[in-house]
Amino acid sequence: MRRAGKVVRQVLDTVRDTVRPGATTLDLENAAEARLKELGAKAAFKGYHGFPCVLCTSINHEVVHGIPSKNRVLKEGDIVSIDCGAIVDGFYGDSAITVAVGEKIDAKTLRLLEATQASLQAAIDTVKPGATLGDIGAAVQEVVEAEGFSVVRDFVGHGIGTRMHEDPQIPNYGQRGRGMKLREGMVLAIEPMVNAGKPEVEVLKDGWTAITQDGSMSAHFEHTVAVTATGAMVLTE
Ligand code: MG
Ligand code: MG
């Protein structure tokens, strides 16, 4: 799983370098597909429940599961969430980043990116044997809500291993001490999705793209994290 995680990281690093004003989300997809091939890994998303691409690319008020397209051109000041999964020898890695397009990101949107990333780190910092799923959710929620943003409820993180989505579900909200206890050897995909406005989302007619109901900006960061005796081991960094 460390190998799969490393592939995902390398693909996301390549795609990040492709993000610029004027690039399309299909350009990101093509860069990811070429890099996956170069690394000898299989895409986890393409064909999953019929999803057509190796990346999910979600711009601005799109939350997750956006479909790369030659018609979606990135503009200065946009943000784009890029989610990637890879399979190496039957094991999965899953990670996401949200990236500013160009240099002119507005202050609130920058704060949204920073808070979402910080909430993921806070969640990772809670991971150890005996900690609970509620500890993870609470850690995310505290960081996000202190900034006046909101945590998406309709999508959650997940266990991961020889399938992309395994039990348990990992909400980005909760109460400390509640929920299943973590044990050494578990591997979790922790993935806060955070809206600048209200938490509600809806899915577009394409059947995939989730957007914020109030049109506010949304960010998403994800790591695949193993529970070890001494704490978290992040497999996708
Ligand atoms: Mg993902
Ligand atoms: Mg995931």
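Heavy-atom basis, side chains included; hydrogens, waters and symmetry copies ignored. All ligand and atom numbering here is 1-based and tracks the order in the structure. We're numbering straight along the sequence, starting at 1.
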J.: Which protein N, O or S atoms lie under 2.8 Å from the Mg ion (ligand 1)?
T.: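 Listed by chain and number: Asp83 OD1, Asp83 OD2, Asp94 OD1, Glu222 OE1.
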J.: Throw together a table of side-chain donor-acceptor distances under 3.5 angstrom for residues 193-203, partners on residues two or more places apart or in other chains.
T.:
from   : atom 1 : to     : atom 2 : distance (Å)
Asn195 : OD1    : Ser218 : OG     : 2.8
Asn195 : ND2    : Lys198 : O      : 2.9
Asn195 : ND2    : Pro199 : O      : 3.4

J.: Does Asp78 use its side chain to pair, donor to acceptor, with the backbone of Val101 at less than 3.5 Å?
T.: no
J.: Is Glu166 reaching over with its side chain to a backbone N or O of Arg163, donor-acceptor style, under 3.5 angstrom?
T.: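 Judged by distance alone, yes, a pair lies under 3.5 Å.
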J.: Hydrogens and angles aside, do Arg72 and Thr57 bring a side-chain donor and acceptor to less than 3.5 Å of each other?
T.: no
J.: Can you tell me if His158 has an N, O or S atom under 2.8 Å away from the Mg ion (ligand 2)?
T.: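 Yes, His158 qualifies, because one of its backbone or side-chain N, O or S atoms lies under 2.8 Å.
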J.: Output all residues satisfying side-chain contact (heavy atoms from CB on, under 4.5 Å) with Lys46, sequence neighbours left out; order by chain, then residue number.
T.: Glu33, Ala43, Val54
J.: What pairs of donor and acceptor atoms, side-chain ones from residues 121-130 against any protein atom, are under 3.5 angstrom apart with sequence neighbours left out?
T.:
from   : atom 1 : to     : atom 2 : distance (Å)
Gln121 : NE2    : Asp125 : OD1    : 2.9
Thr126 : OG1    : Ala123 : O      : 2.6

